[in-house]
Amino acid sequence: MLQKTLIVLKPDAVKRNIVGELISRFEKVGLHLQAMKMIQPTEEHLYDHYETIGQLASRRGEEILKINTDFMRSGPVIAMVREGVEAIEVVRKMVGSTEPKSALPGTIRGDYSHLSFGYTDKNNAWLTNLVHASATPEEAEKEVSLWFAQAEIYDHEMEAHQFKRGHKKSH
Ligand code: GDP
Ligand code: MG
């Protein structure tokens with residue numbers, strides 16, 4: 001099934017100048033770009049993103065919500081909508097698990113970061129894990145419409161027929 005998913009390159013990815021490298025990973029697997037912008041999200045926007053939609057405080061505690069909101073306000077981010085077959089799961093697989101220390105090599109978090117929950121908690125540090133990606137179809141639908149107006153999404157069709165058996169290139 002074709003799905004749209006929200007990807008946000010966090011302030012640490014922008015500051016480290018690896019935006020192009022990270023975007024190219026999503027391009028290489030064939031995920032189709034439908035929207036992209038650089039923004040500095042407001043506190044209210046992040047509350048909607050992480051709590052109203054993501055329920056971060058109820059899952060991880062108020063403190064984590066606050067720390068993470070501060071981190072996400074520490075600089076501009078790049079937000080994207082990409083479409084692909086089972087794109088939500090595919091992008092989560094590419095991003096890797098939340099804690100960089102546990103994220104497997106080959107994933108973005110595993111390849112570009114290494115901090116642990118324990119270290120960041122003890123040392124008053126941000127969990128710089130580079131990327132946000134929608135976790136479920138419900139989350140994806142809500143997040144895409146929180147971050148992008150309908151007019152900003154170029155819903156040009158992914159050439160799904162390119163996967164179909166018997167398809168011949170016309171050029
Ligand atoms: P994700 O879907 O893998 O990003 O993880 P969650 O939805 O559970 O959490 C959202 C974000 O909150 C994570 O990407 C982290 O940036 C942050 N976060 C979650 N759990 C912790 C934690 O225990 N400590 C810290 N410092 N940040 C956390
Ligand atoms: Mg999440």
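For ligands, and for the atoms within them, numbers begin at 1 and follow the listed sequence. Below, each value reflects all heavy atoms present in this structure, side chains not excepted, and no hydrogens, waters or symmetry copies. Sequential numbering from 1 along the given sequence is applied to the chain's residues.
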Considering all heavy atoms of both residues, which atom of [X] and which atom of [Y] are nearest to each other, and what is their separation?
{"X": "Ala79", "Y": "Phe148", "answer": "O-CZ, 3.4 Å"}
{"X": "Pro100", "Y": "Ser113", "answer": "CB-OG, 3.3 Å"}
{"X": "Trp147", "Y": "Glu152", "answer": "O-OE1, 4.1 Å"}

Open item on the list: Under a 3.5 Å threshold, yes or no: a donor from one side chain and an acceptor from the other, between Ser134 and Glu143?
Closed with: yes

Open item on the list: Enumerate the side chain to side chain donor-acceptor pair (under 3.5 Å) contacts for residues 51-66, please, sequence neighbours excluded, ordered by first and then second residue.
Closed with: Asp48-Thr52, Lys66-Asp70

- [ ] Keeping to residues at least two apart or across chains, list the side chain to side chain donor-acceptor pair (under 3.5 Å) pairs with something in residues 98-107.
- [x] Glu99-Ser102

Among all protein heavy atoms, pick the one closest to [atom] and tell me residue, atom and distance.
{"atom": "atom 9 (O) of ligand 1", "result": "Leu56 CD1, 3.4 Å"}
{"atom": "atom 25 (C) of ligand 1", "result": "Ile64 CD1, 3.7 Å"}
{"atom": "atom 4 (O) of ligand 1", "result": "Arg109 NH2, 3.2 Å"}
{"atom": "atom 5 (O) of ligand 1", "result": "Thr98 OG1, 3.2 Å"}
{"atom": "atom 16 (O) of ligand 1", "result": "Asn68 OD1, 3.1 Å"}

Task: Whether Arg92 lies under 4.0 Å from ligand 1, heavy atom - done: yes

Where ligand 1 meets [X] - atom numbers and elements under 4.0 angstrom, heavy-atom basis:
{"X": "Leu127", "value": "15 (C), 16 (O), 25 (C), 26 (N), 27 (N), 28 (C)"}
{"X": "Arg59", "value": "6 (P), 7 (O), 8 (O)"}
{"X": "Asn129", "value": "13 (C), 14 (O), 15 (C), 16 (O)"}

- [ ] Would you confirm whether Arg109, through its side chain, and Val131, through its main-chain N or O, come within 3.5 Å as a donor-acceptor pair?
- [x] yes

- [ ] Please determine if Tyr50 has a nitrogen or oxygen closer than 3.5 Å to a nitrogen or oxygen of ligand 1.
- [x] no

Open item on the list: Below the 3.5 angstrom mark, is there an N/O of His132, backbone or side chain, next to an N/O of ligand 1?
Closed with: no

Open item on the list: Taking 4.0 Å as the limit for heavy-atom contacts, which would you say applies to Gln55 with ligand 1: side chain only, backbone only, both, or neither?
Closed with: neither

Open item on the list: Check this for me: Asn123, atom CG, are more than 12 non-hydrogen atoms of other residues, nucleotides or ligands nearer than 6.0 Å?
Closed with: yes

- [ ] Look at the aromatic rings of His132 and Tyr50 and report parallel, tilted or perpendicular, splitting at 30° and 60°.
- [x] perpendicular

TODO: Look at atom 23 (O) of ligand 1 and find which of Glu139, Lys10, Arg60 reaches it with the closest heavy atom.
DONE: Arg60

